[in-house]
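Here the structure is laid out as structure tokens; the discussion comes afterwards.
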Amino acid sequence: MSTVRIGIIGIGMIGEEHIRRCSQVLSGAEIVALFDLNTDRANDVIAKYSLDAHVAESAETLIHDPAVDAVFVTSWGGTHAAYVLEAIAAGKYVFCEKPLATTVSDCERIVAAEVDGGHRLVQVGFMRPYDSGYRDLKARIDDGTIGEVLMVHAAHRNPSVGDTYTTDMAITDTLIHELDVLRWLLNDEFVSVQVLFPRGTSVAHAKLKDPQLVILHTKRGVIADIEVFVNCQYGYEIRCAVVGEKGEVALPEFPAPVVRHGGAISQTVLMDWKKRFIAAYDTEIQDFINGVSDGKLRGPDAWAGYLAAATADACLRAQISGEIEPVSIISRPDFYKH
Ligand code: NAD
Ligand code: ISE
């Protein structure tokens, strides 16, 4: 395939980011069709990036348009499953932002539909395995530098969230990245989870318990503690330290100049997620474009989306019960044993 023609559904923050990178940074793709419930927004983005594209009548029209080779689903999480299933039914490659779906049963439906079709079509927007920091960590774990892994200490902090963000979203929208990347990093599976609620910040609104501390146990006995704090006020920070028998490997700080001025040493912290993994998003989307082009996707698959959702589901149960909850997983179809 020469140029991959992309149709994109959901032109919010990340939809626009992916349009910018496809049209200005990456190669081999062009955006040809857009759909958003907010048509003005889609038209504005076409104008802003001078796209040679049209606004589709509906998401379904866009998916079935013969001039669209691949679909991006970047609308709200609850809308993903229907669009991904429609794309699979149309035999189209589909890049779906995380989460693959907001329920485990929808993820199972997607997995079943892809397996029935017999050809891999779905890539999930877990970009952290493309990040050089995480890749370095994995290399040090896999080459035995720190010996057998025993523990992980991680944190996912956002400066603030809007008033539609609720306690469950700390898991399904935010922690979901750690649920995917830690499984990949450790090459291990989660077997049980617990969620603890420390003293809550006074900044969070009434429907959000913030921060939360999630404790994950893996099959090999590793324990990972992950802080999710989405109103930390001071910035956007992702931390991950893996402790082994012989040492520790940790993600580097996001590079920023160290400023000495006025009797102080200071360093700026990012205030949102867009720049923190900007290079990883570029590599992720280029990999998807290349995969569509040669008919072989390589990035996180629907099974990874399912595993993250199943672990998130156990976390949601643990939020309510306060107990250690098991993670239950269906048996992996041979289709995903690659
Ligand atoms: P957003 O609210 O900025 O944008 C969502 C857009 O989807 C809006 O323009 C809305 O009008 C549109 N929309 C909603 N329902 C729709 C429907 N049924 N059909 C078509 N359009 C619809 O949200 P966002 O921050 O861009 O997040 C979108 C998705 O991307 C979410 O699933 C989110 O979890 C994910 N995301 C991933 C990352 C990442 O780091 N990988 C970062 C941000 C967002
Ligand atoms: C957002 O949707 C993302 O995916 C970001 O990567 C994450 O850090 C943030 O918490 C989410 O809301």
Side-chain angles (χ1 to χ4, degrees), residues 7-21 33-45 55-63 71-84 86-87 95-102 106 123-131 134 154-162 164-166 168-181 208 210-212 226-232 235-240 254 270-285 288 299-300 304-305 308-309 312:
I8 178 161
I9 302 168
I11 323 296
M13 282 186 289
I14 199 135
E16 178 175 347
E17 273 294 285
H18 291 336
I19 288 171
R20 179 192 60 74
R21 58 175 47 88
L34 294 82
F35 176 74
D36 194 287
L37 291 182
N38 180 347
T39 306
D40 290 346
R41 167 82 182 142
N43 277 314
D44 287 351
V45 169
V55 177
E57 268 175 32
S58 67
E60 291 70 23
T61 316
L62 178 150
I63 292 167
V71 178
F72 279 15
V73 177
T74 49
S75 45
W76 291 323
T79 66
H80 292 181
Y83 295 147
V84 172
E86 194 70 40
F95 174 85
C96 178
E97 259 309 333
K98 42 67 57 174
L100 175 58
T102 45
D106 276 346
Q123 178 166 330
V124 183
F126 289 129
M127 73 297 182
R128 292 199 194 172
Y130 290 95
D131 172 63
Y134 278 109
H156 191 148
R157 295 184 181 155
N158 290 61
S160 62
V161 288
T164 54
Y165 187 107
T166 44
D168 54 324
M169 289 172 71
I171 306 294
T172 56
D173 195 60
T174 299
L175 179 82
I176 197 98
H177 283 292
E178 275 76 16
L179 298 182
D180 175 69
V181 79
L208 172 60
D210 187 38
Q212 302 182 29
I226 308 160
E227 171 201 312
V228 181
F229 188 12
V230 294
N231 281 292
C232 79
Y236 181 75
E237 263 205 311
I238 302 299
R239 292 192 191 162
C240 182
F254 189 75
L270 293 176
M271 284 307 285
D272 74 24
W273 52 267
K274 289 195 197 83
K275 285 205 184 114
R276 173 64 180 84
F277 291 107
I278 197 160
Y281 293 118
D282 287 349
T283 316
E284 167 196 50
I285 301 295
F288 176 75

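All residue numbers refer to positions in the sequence shown, counting from 1. Whatever order the structure lists ligands and atoms in, that order sets their numbers, starting from 1. This structure is a prediction, so every number in the text was calculated from the model and none was measured.
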Quiz prompt | Interatomic spacing from CG in D44 to CG in N38 - rounded to 0.5 Å | solution = 8.0 Å

Exercise. Could you say whether the N/O atoms of D173 and ligand 1 ever approach to under 3.5 Å?
Key: yes

Quiz item: According to the interplanar angle, ranging from 0 to 90°, do the rings of F95 and F72 count as parallel (below 30°), tilted (30 to 60°) or perpendicular (above 60°)?
Solution: tilted

Practice problem: Taking only heavy atoms of G77 into account, list the atoms of ligand 1 that are under 4.0 Å away from them. | Solution: 32 (O)

Quiz item: With a 4.0 Å heavy-atom cut-off (strictly under), which part of I11 contacts ligand 1: side chain, backbone, both or neither?
Solution: backbone

Quiz item: Can you name the side chain to side chain contact (heavy atoms under 4.5 Å, CB included) partners of T172, sequence neighbours left out?
Solution: M169, L316

Quiz item: If you measure from atom 29 (C) of ligand 1 to every heavy atom of G10, S75, P99, which option wins on shortest distance?
Solution: S75

Practice problem: Report yes or no: does R41 have a heavy atom closer than 4.0 Å to ligand 1? | Solution: no

Quiz item: Which of the atoms of ligand 1 are close to F35, meaning less than 4.0 Å from one of its heavy atoms?
Solution: 19 (N), 20 (C)

Self-check item: D36 N/O under 3.5 Å from ligand 1 N/O
Solution: yes

Quiz item: Less than 3.5 Å between some nitrogen or oxygen of M13 and one of ligand 1, yes or no?
Solution: yes

Quiz prompt | Contact atoms of ligand 1, heavy-atom distance to M127 under 4.0 Å | solution = 40 (O), 41 (N)

Quiz item: More than 12 heavy atoms of other residues, nucleotides or ligands under 6.0 Å from NZ of K274: is that the case?
Solution: yes

Quiz item: Please state which protein non-hydrogen atom is closest to atom 5 (C) of ligand 1 and give its distance, to 0.1 Å?
Solution: W76 NE1, 3.3 Å

Practice problem: Starting from atom 28 (C) of ligand 1, find the nearest protein heavy-atom neighbour and note its residue, name and distance. | Solution: T74 O, 3.3 Å

Quiz item: Which residues satisfy the side chain to side chain donor-acceptor pair (under 3.5 Å) test with H156, sequence neighbours excluded?
Solution: R128, E178

Exercise. Report yes if some heavy atom in the side chain of W273 is under 4.5 Å from a heavy atom in the side chain of M13; otherwise report no.
Key: yes

Quiz item: Salt bridge between E16 and R20, side-chain N to carboxylate O under 4.0 Å?
Solution: no

Quiz item: Only one of T79, L37, L34, I63 forms a side chain to side chain contact (heavy atoms under 4.5 Å, CB included) with I9, so which one is it?
Solution: I63

Quiz prompt | Heavy atom of K274, distance to ligand 1 below 4.0 Å | solution = no

Practice problem: Considering heavy atoms of the protein only, find what lies nearest to atom 21 (N) of ligand 1 and give residue, atom and distance to 0.1 Å. | Solution: L37 N, 3.5 Å

Quiz item: Is I278 close to R21 at the side-chain level, that is, under 4.5 Å between some pair of heavy atoms?
Solution: yes

Measure from every N or O atom of ligand 2 to the protein's N or O atoms and keep only the pairs below 3.5 Å, writing each with atom names and distance to 0.1 Å.
| unit_1 | atom_1 | unit_2 | atom_2 | d |
| --- | --- | --- | --- | --- |
| ligand 2 | 2 (O) | K98 | NZ | 3.0 |
| ligand 2 | 2 (O) | D173 | OD2 | 3.3 |
| ligand 2 | 4 (O) | K98 | NZ | 2.8 |
| ligand 2 | 4 (O) | H177 | NE2 | 2.8 |
| ligand 2 | 6 (O) | H177 | NE2 | 3.1 |
| ligand 2 | 8 (O) | H156 | NE2 | 2.6 |
| ligand 2 | 8 (O) | Y236 | OH | 2.7 |
| ligand 2 | 10 (O) | H156 | NE2 | 3.4 |
| ligand 2 | 10 (O) | N158 | OD1 | 3.2 |
| ligand 2 | 10 (O) | N158 | ND2 | 3.2 |
| ligand 2 | 10 (O) | T174 | OG1 | 3.0 |
| ligand 2 | 12 (O) | D173 | OD2 | 2.6 |

Quiz item: At a non-hydrogen distance cut-off of under 4.0 Å, which region of F277 contacts ligand 1 (side chain, backbone, both, or neither)?
Solution: neither

Exercise. Using distance alone, decide if ligand 1 has a nitrogen or oxygen within less than 3.5 Å of any nitrogen or oxygen in Y83.
Key: yes

Self-check item: Which of the ligand 1 atoms, numbered from 1, are nearer than 4.0 Å to a heavy atom of G125
Solution: 41 (N)

Quiz item: Relative to the heavy atoms of I9, which atoms of ligand 1 are at a distance of less than 4.0 Å?
Solution: 20 (C)

Quiz item: Would a distance-only check, ignoring hydrogens and angles, find a side-chain to backbone donor-acceptor pair under 3.5 Å from H80 to T102?
Solution: no

Practice problem: Distance to 0.1 Å, residue and atom name: give those for the protein heavy atom nearest to atom 38 (C) of ligand 1. | Solution: I14 CD1, 3.3 Å

Quiz item: Sequence neighbours excluded, which residues qualify as side chain to side chain donor-acceptor pair (under 3.5 Å) partners of D131?
Solution: none

Quiz item: With atoms numbered from 1 as shown, which atoms in ligand 1 lie under 4.0 angstrom from a non-hydrogen atom of H80?
Solution: 32 (O)

Self-check item: Nearest non-hydrogen protein atom, atom 4 (O) of ligand 1
Solution: G12 CA, 3.1 Å

Quiz item: Between Y281 and ligand 1, which part of the residue brings a heavy atom under 4.0 Å of the ligand: side chain, backbone, both or neither?
Solution: side chain

Self-check item: Short N or O distance, N38 and ligand 1, threshold 3.5 Å exclusive
Solution: no

Quiz item: Taking atom 32 (O) of ligand 1 as the point of reference, which of H18, K98, E97 owns the nearest heavy atom?
Solution: K98

Quiz item: Considering only the protein, which heavy-atom contact is closest to atom 43 (C) of ligand 1, and what is its distance?
Solution: W273 CZ2, 3.4 Å

Quiz item: Got a donor-acceptor contact below 3.5 angstrom from the S160 side chain to the V230 backbone?
Solution: no

